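One structure is given here, and the rest of the page talks about it.
Please read these numbers as outputs of a predicted model, since none were measured by experiment. Letters A, B, ... are given to chains in the order of the sequence lines, protein chains preceding strands, and every chain is numbered from 1. Scope of the values below: all heavy atoms of this structure, side chains included, with no hydrogens, waters or symmetry mates.
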Protein chains: 2
Amino acid sequence: MDRNDLVVDDLNNADVFKELNDEEYAEFLHTGRAKKVKDRTVLFHQGDPAQRCYWVRQGRLKLSRVNEEGKEVTLRYIFQGEIAAAVAVIKNSEYSVTALAMEDTEVVAWEKFDFIKLMERFPRIPVNILTIVLNRLDDIQNRYTELCTEQVEQRIARTLLRFIRTCGARRHDGIYIETPLSRQDLAEYIGTTVFTVSRTLSKWERKGWIKSDQKKIIVTDPHALVSFTE
Amino acid sequence: MDRNDLVVDDLNNADVFKELNDEEYAEFLHTGRAKKVKDRTVLFHQGDPAQRCYWVRQGRLKLSRVNEEGKEVTLRYIFQGEIAAAVAVIKNSEYSVTALAMEDTEVVAWEKFDFIKLMERFPRIPVNILTIVLNRLDDIQNRYTELCTEQVEQRIARTLLRFIRTCGARRHDGIYIETPLSRQDLAEYIGTTVFTVSRTLSKWERKGWIKSDQKKIIVTDPHALVSFTE
DNA sequence: CGCTCTATTGATAAACCTCAAATACAGTGG
DNA sequence: CCACTGTATTTGAGGTTTATCAATAGAGCG
């Protein structure tokens with residue numbers, strides 16, 4: 001992978017509104033209800049009946065599961081422009097995950113009935129959702145494979161590179177991950193502990209691969225991370 | 001979970017032909033080409049362009065990925081009545097996994113073009129495929145969560161219970177897992193090593209929870225496994 | 001400043017992998 | 001039936017990775 005390939009906008013692959021024209025897009029959004037969600041607020045709970053689905057206009061959600069012992073696993077992040085819980089609404093089932101705002105977030109919420117109606121009016125939407133689901137299946141299969149075969153540090157490196165791809169911004173001193181990201185967040189995403197993440201990032205900071213403050217990470221040597229994963 | 005709930009036929013949830021009548025079903029199968037695949041034969045390779053998709057009439061396939069270092073991870077098994085590679089064909093992409101026959105297996109293969117045509121003639125098929133994909137997403141998300149939060153022995157227990165659900169047969173002395181299943185197979189499915197699996201199964205055999213010969217496992221005390229996972 | 005949340009670091013222990021070697025078993029051909 | 005071969009399984013010793021626990025420091029905020 002080339003250094004210049006690192007910052008790529010993958011969001012288009014996940015766009016629910018792909019191939020809708022501006023008018024249709026406006027109508028779609030208008031049917032939903034805009035909502036402001038404060039940092040650390042739970043939008044919906046795993047197990048609750050799926051009443052609404054959400055589109056993120058600004059900010060970020062975390063979709064996670066909690067196992068019996070209360071340990072939390074992050075299944076994915078939902079960034080700006082992405083949709084959450086559409087499948088649960090379509091299946092008319094319960095939410096299979098819990099959604100938490102990771103910062104102050106603005107969403108558009110559709111009631112189940114309205115969303116189904118909209119899908120009938122715009123058949124392109126369910127097609128787009130299918131694409132999104134397939135991408136997410138691919139993503140989780142990749143991460144499953146990595147979890148099975150790679151050690152923690154490799155997975156941390158891969159995760160930083162992944163974040164760079166979805167929300168990396170090149171600046172003079174490196175690539176900024178433009179979303180608050182604590183050691184704990186990383187640990188839950190990767191399947192390790194906050195201690196191991198901290199140790200690893202400290203080491204890499206000493207090596208000059210990254211710089212980092214609280215919840216902020218700047219990758220100064222992405223190439224080093226790339227070769228580390230190989 | 002009750003002891004009597006353990007043997008359940010989950011296959012219906014994954015049936016591509018759901019809601020097709022006998023005639024349609026016959027036509028569908030007839031359009032494909034029957035094929036006998038010997039044990040240990042590769043049906044398709046990860047990375048190859050997806051030319052065909054397959055339906056398993058008899059036997060079992062293993063879908064796996066190999067990472068850069070050659071370590072193999074089993075993503076799922078495809079049992080009798082299930083379909084493989086439909087998504088790759090629909091997406092007109094490459095196979096994302098490798099398919100290997102785990103025993104002598106009979107499949108029906110459709111050429112890409114034929115399969116697309118059939119889906120147009122029977123719109124119920126893509127709907128069913130969507131359901132299947134969602135089930136598989138759910139499955140891998142569960143296993144991802146388990147991999148993150150549980151220790152090896154718990155995951156082994158869960159896996160045995162999972163196999164019981166898909167191919168368990170109750171007999172006088174316990175529930176037979178009716179498919180050849182080596183320690184190696186289990187290890188690749190769970191994300192551990194053959195040694196750890198062997199040690200664990202030996203221990204459980206001493207405890208009287210299971211009995212086992214080469215590639216054959218009989219769960220004599222499923223309840224013990226269930227409470228072990230809790 | 002005091003409070004809370006986040007991050008760091010060290011010591012220790014547990015879980016699990018790696019490697020080596022032995023054994024058991026299944027299938028084959030004489 | 002037996003010997004032979006290759007595969008599958010078992011077991012032990014030893015080492016590595018990573019989790020756990022405890023203690024401390026820093027950052028941000030009212």
I'd like to know if B:Glu103 and B:Arg40 make a salt bridge, using a cut-off of under 4.0 Å between side-chain N and carboxylate O. no

Sequence neighbours excluded, the answer for salt bridge (Lys or Arg N to Asp or Glu O under 4.0 Å) partners of A:Arg206 is none

What's the angle between the local helix axes at either end of the helix from C:dC1-D:dG30 to C:dG30-D:dC1, using five pairs per end and rounding to 10 degrees? 40°

With sequence neighbours left out, what residues match A:Arg143 under salt bridge (Lys or Arg N to Asp or Glu O under 4.0 Å)? A:Asp139

Close approaches to DNA chain C from residues 144-160 of chain A, in residue order (heavy atom, under 4.0 Å): none

Residues in ring pair (Phe, Tyr, Trp, His ring centres under 6.0 Å) with A:Tyr77, at least two apart? A:Phe163, A:Tyr189

Spell out protein contact along nucleotides 1-7 of chain C as letters: B when the base is contacted, S when just the sugar-phosphate is, - when no protein heavy atom is under 4.0 Å; keep the 5' to 3' order. -----BS

Partner residues of B:Ser212 under the side chain to side chain contact (heavy atoms under 4.5 Å, CB included) criterion, sequence neighbours left out: B:Arg183, B:Glu205, B:Ile217

If you measure only the distance, is there a donor-acceptor pair under 3.5 Å linking the side chains of A:Gln214 and A:Ser182? no

Is any side-chain N of the basic residue among B:Arg158 and B:Glu150 closer than 4.0 Å to the acidic one's carboxylate O? yes

With a 4.0 Å cut-off on N to O distance, would you call A:Asp104 and A:Lys35 a salt bridge? no

Residues passing the side chain to side chain contact (heavy atoms under 4.5 Å, CB included) test with B:Gln58, sequence neighbours excluded, are B:Gln80, B:Glu106

Without decimals, in angstroms, what is the distance between B:Phe195 CZ and C:dT23 P? 17 Å

My understanding is that only residues two or more places apart in sequence, or in another chain, count here; which of them pass side chain to side chain contact (heavy atoms under 4.5 Å, CB included) with B:Thr193? B:Phe195, B:Thr196

Outermost contacting nts on DNA chain D, any atom under 4.0 Å from chain B heavy atoms, listed 5' then 3', are D:dA8 to D:dA13

According to ring pair (Phe, Tyr, Trp, His ring centres under 6.0 Å), who are the partners of B:Tyr54, at least two apart in sequence or on a separate chain? B:Phe44

Set of residues satisfying side chain to side chain donor-acceptor pair (under 3.5 Å) with respect to B:Lys216, sequence neighbours excluded: none

